[in-house]
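Notes follow once the structure below has been shown.
Every chain is numbered from 1, with letters handed out A, B, ... down the list of sequences.
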Amino acid sequence: MGQLLAVVIDGLIYSSWLFIIAVGLTLIYGVMKILNIAHGSLYALGAYSAASLAGYWLDQGYAPLGSYAAMVAAAVLVGLVAGPVIERGLLRFMYGKDEIVLVLVTYAVFLILEDMIKLVWGVDPLFLAQPYGMLGSFTVGNLTYPVYNLVLFGAAVGVGLLLTWVLTRTRKGKMLVAVIHDREMASAVGINVGMVYFVTFTVGAMLGAFGGALTAPMISVQPGIGAETIVLAFAVVVIGGLGSLPGAALAAVLVGLVRAAAVHYQPELDLFAIYFVMAAVLIMRPKGLFSLQEARKI
Amino acid sequence: MKPDRSLTALVAVLAVILAATPFLPGWAMFLLRVSLCYGTVVLGMMLLMRTGVVSFGHGLYYCLGAYAAGLLDVHFKVADMAVMLVAAVAVTLATSAVLGLLLRKYRDIFFAMLSLAFSMILYGLLVKTSALGSSDGFNVSAKTLFGVTVAGTEYGRHATFIVTVVVAFLCALGMRAYLRSHTGRLAEAIRDNELRVEYMGASVRNVIHVNYMISAALAGLGGALAAVGIGHIDPEMAYWTTSGEFVFIGILAGTGSVLAPFLGALIFETIRSFAYEYSPNTWQMALGITMLLVIMFLPGGLWSLFGKLRRKAA
Amino acid sequence: MAIVLEARGLNKTFGAVTAAADINVAVEKDSVVGLIGSNGAGKTTFINMVTGYLKPTSGTIVFDGRDITALSPRLVTRMGICRSFQIPQLFGSLTVYDNLMAGVGIIYSGGARWAHASHLEGTPAQAVETMLERFGLAAYRDKPANVLPEGVRKLLDIAMAMAVKPKILLLDEPTSGVSADEKFGLMDMVMDAVRAQGVTVLFVEHDMEIVNRYTHRILAFYEGRIIADGEPAQVLSDPEVRRYVTGEPHAAH
């Protein structure tokens with residue numbers, strides 16, 4: 001029983017993390033039909049910026065709780081700068097090209113950003129351990145967890161709810177959904193698709209950076225974290241159905257639980273858990289768990 | 001029909017390289033060798049691209065081929081280069097025959113992601129297996145060639161190099177012939193309009209599966225040649241960024257000729273070695289910028305540049 | 001005359017929409033049949049079912065004595081039924097020559113599985129040359145398909161359908177999108193090629209002049225049903241056809 005509980009809790013914590021890193025990616029795909037590989041480096045940028053900003057904050061001796069605000073601020077900053085630069089400065093000249101060409105463009109951006117990170121922060125790892133341990137820990141039965149994991153969980157739920165509310169209850173959000181379903185029609189009814197793209201990409205970038213910022217206290221921030229993370233984000237997005245928010249959530253939960261089970265019962269398999277789930281889901285539902293319908297061609 | 005000069009070009013390149021072999025400095029031979037290995041892999045990528053499919057997971061077969069060679073040397077003590085090459089092809093053909101059953105149903109992003117997933121599974125497997133050296137990998141060397149000892153001799157390095165050149169040449173030749181055959185021509189037809197191909201009686205999935213297997217075998221060959229040539233293999237060969245490099249070279253080269261992948265690989269390797277030597281923290285950036293420039297100004301790849309120059313001259 | 005294709009009790013519904021209702025048709029060998037009806041009447045649905053793109057909700061399709069209802073487009077093509085499309089389905093980046101060679105190549109390398117084409121004559125290259133001649137495409141042979149004018153695209157689409165030597169040819173609106181002065185030229189060319197190869201033809205058309213001139217028999221569709229079936233003169237003067245298809249509801253009392 002204790003082990004099962006551990007699997008569920010570990011699973012949900014990992015699911016939270018997966019959801020946060022994947023949600024920006026699926027949002028951008030849904031609206032712009034671009035699988036943004038650069039999402040991985042935005043994640044990394046978020047982690048590095050958070051480590052720097054929060055690290056500086058703590059070094060200066062300011063209120064420790066403020067470091068969380070610093071982390072979030074870092075993520076927002078990265079999103080607000082990198083998002084527009086990439087979208088306005090490069091991507092918008094590429095719209096209309098093949099989907100796979102756009103993927104390669106984002107791959108090129110990924111490569112460029114990876115090196116930019118190295119140039120700015122060097123190759124040695126950064127650490128931001130304090131925010132992780134600062135909140136203490138809590139126990140469930142005879143299992144102990146850092147309270148930070150609750151923060152992670154709360155952030156995932158919060159982001160999910162916020163995005164859902166925005167997309168279904170606000171006018172701007174509904175415009176986004178219109179573009180997701182049919183870009184041409186949305187444009188024909190007067191929606192400024194260019195503006196929608198701009199906002200979506202920027203928000204997606206912020207979410208990617210946010211994922212990195214939240215993760216920074218849990219890992220050693222070093223080159224390569226972007227590459228590691230983007231493959232996991234891909235898997236979650238593909239399993240859930242490209243462009244589907246509820247899909248990403250469900251996929252995150254599924255993968256999280258399967259991986260936690262693997263870690264506890266068959267540890268050598270934990271790296272494969274996510275790919276097993278992907279293959280299994282795609283075999284049964286070729287377009288992922290939730291996907292949009294396609295019209296007849298001839 | 002346009003006159004086809006690619007055969008003469010292929011033979012000419014082969015002749016030049018073979019003639020130059022005794023005079024090549026070590027670094028040049030190494031550069032050429034790696035380019036030929038990569039070029040062989042990208043030859044397969046080109047076939048897939050012509051079929052309208054992009055694999056983001058060919059590192060799987062590159063790595064399988066390399067480890068097949070490696071295991072023959074280290075585990076089975078059969079360090080014969082010829083046997084290694086055959087084993088690499090056998091293993092990759094078998095694997096792609098099975099994986100292709102699933103992959104042939106997908107296109108675009110899904111094909112790319114699934115292929116990526118399979119390569120990452122291999123990566124994870126290798127990293128966790130200490131008997132195979134985990135993330136460090138292990139050293140490989142070919143000690144014999146068709147039974148004749150080559151290890152430890154100066155002429156040995158040349159011999160394995162010549163084998164690499166000849167194998168690459170034969171692959172290019174074979175691919176050229178295949179692309180001119182009826183099934184080979186279907187590749188581009190499928191890329192342009194799958195529905196029409198089905199409505200003309202051919203099975204799109206079968207062709208994709210076959211082409212996938214051919215490209216897998218080529219990647220395996222490239223991997224085995226790399227194992228022998230570089231002397232070291234590790235799980236990084238299956239990591240998605242390695243597959244990304246193959247895609248990059250494929251885009252750089254374009255699908256215009258069987259020589260294009262090798263040219264693209266040579267340029268890639270040259271940039272990589274020099275950029276890495278002088279500024280290891282910017283070579284990826286250089287790659288990324290080059291890719292953007294090619295996508296924006298030369299969508300047909302570098303090979304289309306030749307086409308444009310020829311048209312200007314005509 | 002022998003019956004080469006027969007549809008028995010074909011029905012097709014998409015949820016609440018009835019695209020085909022109780023279609024019964026027997027097509028004679030070497031005949032030329034016109035399918036007319038307003039948009040959404042069920043003509044293309046019929047073609048899609050015969051060629052295996054859509055599975056009928058119920059009913060059977062029999063070709064040369066064989067039940068082909070459940071076969072895929074690929075298998076139906078191999079048995080000898082080919083089609084052209086409303087929007088020409090071409091290989092855009094390939095030249096006209098290569099477009100035709102793709103099809104010819106398939107049938108020449110298919111061998112015994114193409115039972116009906118067991119007596120292939122000449123080389124693939126010769127077969128392509130013949131098609132280029134028959135369809136007036138020789139002048140465009142080296143042009144990529146996606147730069148061709150619409151009429152030529154249509155011709156190529158039909159030529160490609162013929163390239164795999166069908167017994168039955170289904171043409172979906174062969175002259176739509178083609179200018180008025182080119183229509184007859186196009187149909188003349190197609191029908192000459194058809195006669196040279198000995199093929200049964202069914203084509204969907206909205207242009208009544210074309211239908212009147214080239215067909216021996218007309219099937220009129222309305223809301224998924226066949227409301228008239230017979231010789232052109234008879235069908236075109238049928239009051240129901242006039243009302244629902246050709247649109248002369250109050251003409252000539």
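B/Leu122 contributes atom CG, which lies 12.0 Å from atom OH of A/Tyr275 (distance to the nearest 0.5 angstrom). For the atom pair CD1 (A/Ile37) and OG1 (B/Thr241), the distance works out to 11.0 Å, reported to the nearest 0.5 Å. Interatomic distance, A/Glu114 CD to B/Asn281 CG, rounded to the nearest 0.5 Å: 11.5 Å. Here the OG1 atom belonging to B/Thr282 is positioned 11.5 Å from the CD1 atom belonging to A/Ile112, to the nearest 0.5 angstrom.
Contacts of B/Ile295 with chain A are made by both backbone and side-chain atoms, with heavy-atom separations under 4.5 Å. Looking at B/Tyr239, only its side chain comes within 4.5 Å of chain A, counting heavy atoms on both sides. Contacts between B/Val247 and chain A at a heavy-atom distance below 4.5 Å involve the side chain alone, from C-beta outward. At a 4.5 Å heavy-atom cutoff, the contact between A/Met94 and chain B is made by side-chain atoms alone. For chain A, the nearby part of B/Leu102 is the side chain; its heavy atoms alone come within less than 4.5 Å. Heavy atoms of B/Ile289 lying under 4.5 Å from chain A belong to its backbone as well as its side chain.
With B/Met291 as reference, A/Leu111 is the one residue of A/Val105, A/Leu111, A/Val109 to meet the side-chain contact (heavy atoms from CB on, under 4.5 Å) rule.
At a threshold of 4.5 Å between non-hydrogen side-chain atoms, the residues B/Phe118 and A/Met278 do not count as touching. Inter-residue side-chain proximity for A/Leu35 and B/Met113 is flagged as met; some heavy-atom pair is nearer than 4.5 Å. Residues A/Tyr29 and B/Ile109 meet the side-chain proximity criterion, which asks for heavy atoms closer than 4.5 Å.
In terms of heavy-atom pairs under 4.5 Å with chain A, the best-connected choice from B/Leu287, B/Thr129, B/Leu125 is B/Leu125.
In this view, A/Trp17 and A/Thr215 satisfy the side chain to side chain donor-acceptor pair (under 3.5 Å) rule, not counting sequence neighbours.
For A/Phe110 and B/Trp240, the ring centers are positioned less than 6.0 Å apart.
The nearest pair of heavy atoms linking A/Ala108 to B/Gly288 is CB-O, 3.4 Å.
The contact list for residues 54-68 of chain B toward chain A, using heavy atoms and a distance under 4.5 Å, reads B/Val54, B/Phe56 by residue number. Taking 4.5 Å as the heavy-atom cut-off, none of the residues of residues 264-274 of chain B approach chain A. For residues 117-125 of chain A, the interface with chain B (any heavy-atom pair closer than 4.5 Å) comprises A/Lys118, A/Leu119, A/Val123, sorted by residue number.
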